[in-house]
Amino acid sequence: MLISQKNIFWEAAVITLFIFGLGILLGIFIENSRGDKISDLYLISEVNLLDVQIQTEILNLDYADCQEIVEKNIEFADKVYNDAKVLERYEGASRFKDLLVQQHKRYDLLRTLLWINSIKIKEKCGNSLHTLVYLYDYQIDDLQEKSKQEVFSRFLEELKRDSGDTIILIPIAKNLNISSLDILIKNFGINQTSIILDENLTITNPTELYKISNGIKKTNKISL
Amino acid sequence: MEFLLYIYLGYMFISLYFLSFYFLLYLRNRKSLFESPKLKKHFSVSILVPAYNEEDVIEETVDSIFHSDYDNILEVIVINDGSKDRTAEIVKKLMKRYPKLKLLNKSNSGKADSLNKGIDISKGELVAVVDSDSFPNKDAIRKLVGFFEDEEVGAATCPIHARNNKRFFEKLQAIEYVVIGLTRKLLEGVDAIYVTPGPLALYRKETLIELGGFDSKNLTEDIELTWHLALKNWKRRMCLSTRVTTVVPKTYKAWFKQRQRWSMGGLQSILKYRKNFMKKGIFGYFILPFFVLSSFLGLLGLSIFSYLLITRVLKEYFFIKFSFLADTAIISTNQFYFTPSVLNYLGIVLFIFGAIFTILVLALMNQEVLGKRNIFKILVYLVLYLTMYPFIQVTAMYKLIKKDMSW
């Protein structure tokens with residue numbers, strides 16, 4: 001026969017609080033370290049952006065050639081795109097802090113600068129590169145819209161894989177209240193998920209995505 | 001999403017709490033778990049065997065009862081609840097072999113009512129209930145009687161083991177019975193045994209009379225009576241050093257129906273004793289809230305699961321539709337990655353604790369667990385078998401609302 005031990009109710013609660021608290025603290029620690037990793041990546045990207053911006057200025061002074069500047073820009077855009085994938089994965093696993101939302105916003109500012117820089121390069125060097133700006137909504141609940149965005153992302157990923165050396169792919173969340181971006185996209189009359197090819201073709205529907213592929217193929221042939 | 005996060009964390013906290021609770025109870029009582037009181041007073045015992053269409057097993061059940069090593073069994077009363085098969089005929093034949101065997105024939109009115117009729121005619125100081133498809137060990141009655149030396153004890157029971165455990169599904173039930181057996185013993189440490197189940201339970205007769213016997217409206221008369229005992233501060237005891245074996249459902253359908261009936265009985269009992277919620281000692285403060293919480297969490301879990309499943313299916317539908325329109329790949333290698341969140345880590349810790357607890361229980365109860373096959377069974381038990389309960393709960397609730405009390 002067991003001796004009655006009703007204090008076990010409280011003891012179990014204390015042990016649970018301890019283990020659970022430890023788990024939560026560990027979770028916060030993991031998320032913080034992921035945030036730190038993103039910060040480090042961002043810092044490198046920020047330096048790289050300054051570098052490509054200066055290169056563009058040098059280009060304006062006719063001290064450099066287009067080919068080299070375009071290559072550097074694409075290289076940088078690829079790095080930012082890969083950083084975005086890491087950020088997306090961490091965001092998917094983030095539970096406690098909105099630290100990553102701020103990181104996302106900082107990256108979106110960086111990508112907006114990259115877009116502007118790319119426009120300037122194209123003004124100077126002509127159609128030697130394509131900019132594909134993907135404007136989407138960050139953390140949406142609408143299932144249909146979410147699926148549409150996933151299809152757009154998948155399409156762009158495939159396109160980048162096939163014609164990566166001529167494309168600067170810039171995904172930017174358009175609903176994070178970035179004023180400079182808002183001004184820019186207002187100019188294109190955009191209010192839904194869209195892909196802008198070279199600032200002159202805007203796609204909002206999955207059925208029209210082929211126009212982007214065709215547009216890129218066509219100009220690539222002309223350049224050849 | 002934040003709402004779901006809090007729910008997940010709540011589930012994890014509660015699960016972790018009960019695991020810690022059981023671990024603590026085990027650590028404190030590990031040396032005395034298998035002890036049973038020495039038999040001093042040899043109480044007279046009447047054994048009741050309610051039977052309905054049990055021609056296949058009744059002889060073996062009666063044989064196992066009469067093989068008991070207890071020396072003061074006054075009578076074994078088989079209450080034939082209007083069987084349409086040869087149950088009564090078999091019992092009559094057995095009466096020639098066992099002079100203490102009695103047969104009470106009555107029209108069909110359910111198990112609880114049969115037991116009450118049996119109590120009315122029984123003469124023993126203690127009354128044992130043995131299901132007609134259950135087989136007490138030779139020493140079971142003797143070991144249980146010892147508990148009644150304590151005048152505050154109203155009922156005693158022992159672990160149930162699966163008699164048929166050859167098929168995979170039967171083995172899963174066998175694991176469950178073993179786990180339930182040990183956790184029930186652990187609950188004795190806080191005086192919270194919540195059921196003295198039908199396969200074998202021994203009661204003080206005067207207590208049964210005081211409580212008015214079994215509730216014939218309840219589908220799980222054993223749960224209801226145990227709650228009544230707890231409410232009236234009668235102690236319930238559990239003896240781990242003996243066992244009773246029972247025939248477990250062989251098919252999924254039969255198992256589902258059995259568990260549905262248990263759930264319905266549990267819900268009926270909750271409704272009956274709802275006024276005692278958070279009142280009157282361990283029953284109101286622990287047993288009843290424990291059942292209410294289990295039912296609530298099961299239902300909530302099922303609702304969340306359904307919500308997530310439906311949204312996932314819808315999202316996939318839209319995704320496939322748009323993928324066709326855009327002529328993009330439906331599956332990409334890039335989508336197969338896993339970045340664990342804190343919930344995943346906590347879930348893994350919880351699962352490991354749960355698995356350790358189950359293995360510990362099986363090892364303690366002398367079940368071989370270290371073989372690869374057994375580990376697989378334990379995994380299936382933890383991951384699939386236990387997750388069926390919320391579904392059973394929902395159907396039980398539906399049947400109860402419809403007032404469909406069929407077995």
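All values derive from a computational prediction rather than experimental measurement. Residue numbers start from 1 in every chain, and the chains themselves are labelled A, B, ... in the order their sequence lines are given, proteins ahead of strands.
Summarising the geometry, atom CG belonging to B/Asn29 is positioned 6.5 Å from atom CD1 belonging to A/Ile8; distances are rounded to the nearest 0.5 Å. If you take CG on B/Leu16 and CD1 on A/Ile19, they are separated by 5.0 Å, rounding to the nearest 0.5 Å. We find the NZ-CG distance between A/Lys146 and B/Leu314 to be 12.0 Å, quoted to the nearest 0.5 Å. Put simply, CH2 on A/Trp10 and CG on B/Leu24 are 14.5 Å apart, with the number rounded to the nearest 0.5 Å. Note: A/Lys148 NZ to B/Leu325 CG = 11.5 Å, rounded to the nearest 0.5 Å. In this structure, the separation between CD1 on A/Ile15 and CG on B/Leu19 is 11.5 Å, given to the nearest 0.5 Å.
Of all non-hydrogen atoms in B/Lys315 and A/Ser147, the two that sit nearest each other are O-OG, 3.0 Å. For the pair A/Arg154 and B/Ile330, the tightest heavy-atom approach, listed with the atom from each and the gap, is NH1-O, 2.9 Å. The nearest pair of heavy atoms linking A/Leu143 to B/Thr311 is CD1-O, 3.8 Å.
Looking only at distances, a side-chain donor or acceptor of A/Glu158 sits under 3.5 Å from a matching main-chain atom of B/Ala329.
Residue contact with chain A, scored on non-hydrogen atoms closer than 4.5 Å, involves the backbone and the side chain of B/Leu9 alike. For B/Phe34, no part sits under 4.5 Å from any heavy atom of chain A, backbone or side chain. The contact between A/Phe20 and chain B is made by backbone and side chain atoms together, counting heavy-atom distances below 4.5 Å. In this structure, the portions of A/Glu11 lying under 4.5 Å from any heavy atom of chain B include both its backbone and its side chain. Within the 4.5 angstrom heavy-atom criterion, atoms from both the backbone and the side chain of B/Phe13 approach chain A. With a 4.5 angstrom heavy-atom cutoff, B/Leu346 touches chain A only via side-chain atoms. Within the 4.5 angstrom heavy-atom criterion, only side-chain atoms of A/Ile30, from C-beta onward, approach chain B. Using a 4.5 Å cut-off between heavy atoms, B/Met238 does not touch chain A at all.
For the options B/Phe322, B/Tyr317, B/Phe23, heavy-atom pairs under 4.5 Å to chain A are most numerous at B/Phe322.
Here B/Lys235 pairs with B/Asp150, B/Glu152, B/Val153, B/Asp191, B/Arg237 under the side chain to side chain contact (heavy atoms under 4.5 Å, CB included) rule; sequence neighbours left out.
Annotation for B/Phe324: atom CZ does not count as buried by contact number, only 12 or fewer foreign heavy atoms lying within 6.0 Å.
You'll find the ring centres of A/Phe9 and B/Phe286 inside the 6.0 Å limit.
Put simply, the residue from B/Tyr17, B/Phe18, B/Phe21 that forms a side-chain contact (heavy atoms from CB on, under 4.5 Å) with A/Thr16 is B/Tyr17.
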